[in-house]
Amino acid sequence: MTSHDLAIEAIDLHKRYGSTTAVAGISLGVHRGEVFGILGTNGAGKTTTVEMIAGLRRPDAGQVRVLGLDPAVDRGEVRQVLGVQLQSSALHGSLTVTELVGLYSSLYPRPVPTGELIKQVGLTEQATTRFEKLSGGQQQRLSIALALVGRPRVVILDELTTGLDPRARREMWRTIENLRAGGVTVLLVSHAMEEVEALCDRVALFVAGQVEALDTPQGLTDRAGVSSLDEAFVALTGQEPEEVR
């Protein structure tokens, strides 16, 4: 596997905040067209890592490439191929769902049609609702729509289904499966074992800013000699799964 086969390449990333080490030498290679999961407890360095991959934070040391581009240097080019949905959305509260999707659409040469995208994330009935009036789950769906509006080749989704009811969660899972079928690379950060096990081709287990283990979900359970990813997480990291949820 060469770097040309990788959609995302992170090499020995380090990041500190004052005296706190958030990321301590993480390296990842995400294949093109792969759904790659990052699983770990709060404070394991998951969000800081994906923010560095997205170009939202500069690493103190190490390198990142997204489809061969440096997110910190090639910002305009990366923005055209990378869609990002993070845990917290800072969107203009007085704009409606349709207005926000339309605003983001204007940034891309060939965006997904606004109505089609709003329907895809299950917000048709909220199309004229202002962002500030949406529930937490609806805001989450909108942030996913905004990550997909430019037909990205790589998507970062951080806590994809937080705040969603079971039906909406399953709908989001289908969206991920459709992205994979279309050749899109997905980097999925999650606390949810079931979600990671169902969707991801490979999973990295993060502990204290480092990759503790990396394999397919089945490979991780086989390595740990257990029958579920929950049990594998405990065996390979020494942490209880309820700390992850």
Side-chain angles (χ1 to χ4, degrees), residues 35 37-38 42-43 46-57 66 71-72 75-180 182 184-192 195-196 199 245:
V35 179
I38 295 178
N42 288 328
K46 305 185 304 297
T47 295
T48 297
T49 297
V50 298
E51 287 177 344
M52 289 190 286
I53 291 171
L56 300 174
R57 294 188 187 275
V66 177
R75 297 181 67 86
E77 293 173 85
V78 169
R79 192 161 53 241
Q80 294 299 313
V81 298
L82 175 66
V84 181
Q85 172 263 324
L86 298 177
Q87 289 186 54
S88 55
S89 300
L91 299 173
H92 199 298
S94 65
L95 295 181
T96 67
V97 168
T98 297
E99 289 168 340
L100 283 164
V101 175
L103 178 63
Y104 274 64
S105 295
S106 69
L107 303 175
Y108 299 95
R110 197 174 60 90
V112 179
T114 297
E116 177 184 324
L117 189 57
I118 290 172
K119 181 179 179 180
Q120 181 180 341
V121 298
L123 287 177
T124 300
E125 293 183 4
Q126 291 77 33
T128 59
T129 302
R130 297 198 305 274
F131 179 77
E132 63 189 6
K133 298 295 185 181
L134 298 175
S135 69
Q138 290 165 348
Q139 290 182 359
Q140 181 81 339
R141 294 193 206 188
L142 177 58
S143 68
I144 294 165
L146 299 180
L148 301 179
V149 67
R151 302 182 193 271
R153 292 162 59 194
V154 179
V155 179
I156 295 174
L157 301 171
D158 192 357
E159 304 299 345
L160 171 72
T161 56
T162 297
L164 299 186
D165 60 49
R167 188 182 72 171
R169 185 176 300 117
R170 293 287 178 178
E171 290 171 355
M172 287 299 103
W173 286 16
R174 281 194 291 274
T175 295
I176 299 302
E177 290 162 355
N178 290 338
L179 289 171
R180 178 204 276 124
V184 176
T185 303
V186 179
L187 182 59
L188 178 65
V189 183
S190 182
H191 280 85
E195 181 169 282
V196 170
L199 295 175
R245 295 193 185 284

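Index from 1, following the sequence.
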Non-hydrogen atoms of [X] and [Y] that approach each other most closely:
| X | Y | answer |
| --- | --- | --- |
| Glu195 | Ser190 | OE2-OG, 3.2 Å |
| Pro111 | Arg151 | O-NH2, 3.5 Å |
| Pro71 | Val78 | CA-CG2, 3.8 Å |
| Ile53 | Val66 | O-CG2, 3.6 Å |

Return the [atom1] to [atom2] distance between [X] and [Y], rounded to the nearest 0.5 Å.
| X | Y | atom1 | atom2 | answer |
| --- | --- | --- | --- | --- |
| Arg141 | Leu134 | CZ | CG | 10.5 Å |
| Thr49 | Lys46 | OG1 | NZ | 9.5 Å |
| Tyr104 | Ser143 | OH | OG | 9.5 Å |
| Leu117 | Leu146 | CG | CG | 7.5 Å |

Practice problem: Any chance you could lay out the side chain to side chain contact (heavy atoms under 4.5 Å, CB included) test for Leu157 and Ile176, step after step, and finish with the verdict? | Solution: CA-CA 10 Å; Leu157 301 171; Ile176 299 302; 3.1 Å; yes
Quiz item: Are any non-hydrogen side-chain atoms of Leu199 and Val186 less than 4.5 angstrom apart?
Solution: no
Quiz item: Hey, does Gln80 have a side-chain heavy atom less than 4.5 Å from the side chain of Leu107?
Solution: no
Exercise. With sequence neighbours excluded, tell me which residues meet side chain to side chain donor-acceptor pair (under 3.5 Å) with Arg57.
Key: Tyr17, Glu51
Self-check item: Flag if over 12 foreign heavy atoms under 6.0 Å of CZ, Arg153
Solution: no
Self-check item: Partner residues of Ala54 under the side-chain contact (heavy atoms from CB on, under 4.5 Å) criterion, sequence neighbours left out
Solution: Leu56, Leu82, Val84, Ile156
Quiz item: Which residue pairs pass the side-chain hydrogen bond (donor to acceptor under 3.5 Å, both in side chains) test when at least one of the two sits in residues 105-131, sequence neighbours left out?
Solution: Arg130-Glu132
